[in-house]
Amino acid sequence: MDKTSAASGQDWSRWLMDPAGLGAAAVEYAVDSWQRTLLYADVRRERGNQYREHLRERAPNVLGFEAEPVLSGLEPAATSELRARAHPAA
C-alpha cells in the first residue's frame, strides 16, 4: 500500500477485484446525490415562497404585535424612517 491510500484509509484492491460492487456503490452514490439535490431544491422553494409572502405584506413586521404606520419617510422626503403606533395586546 502506498502512503496516499494508507492515509485516506481506502483499500482500493477490493474494488478492483469486484467490479459489480464498484458499480453498485456508484449507483448508490448517484441515487443519494439525486435525493439530496431534490431535498435542497425543495428547501429553497419553500424559503422563496416564505420570502415572497413576506414581501406581499403591507408593512412587513418581524415583531409579534399589531402596529399601524403613522408617518412614512417615503412621502415628504426619501428617508428610511417609518414611525408606527403599537397597539396593546388584547
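Both backbone and side-chain heavy atoms feed into the values below; hydrogens, waters and symmetry mates do not.
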| If you draw a 6.0 Å radius around CD in Gln50, do more than 12 non-hydrogen atoms from other residues or ligands fall strictly inside? | yes
| query | For atom CD of Glu46, is the number of surrounding heavy atoms from other residues, nucleotides or ligands below 6.0 Å larger than 12? | reply | yes
| said: If we ignore hydrogens and angles and just use 3.5 Å, is the side chain of Thr37 paired with the main-chain N or O of Ser33 as donor and acceptor? | reply: yes
| query | Rounded to the nearest 0.5 Å, what separation is found between the CZ atom of Arg52 and the CG atom of Leu55? | reply | 9.5 Å
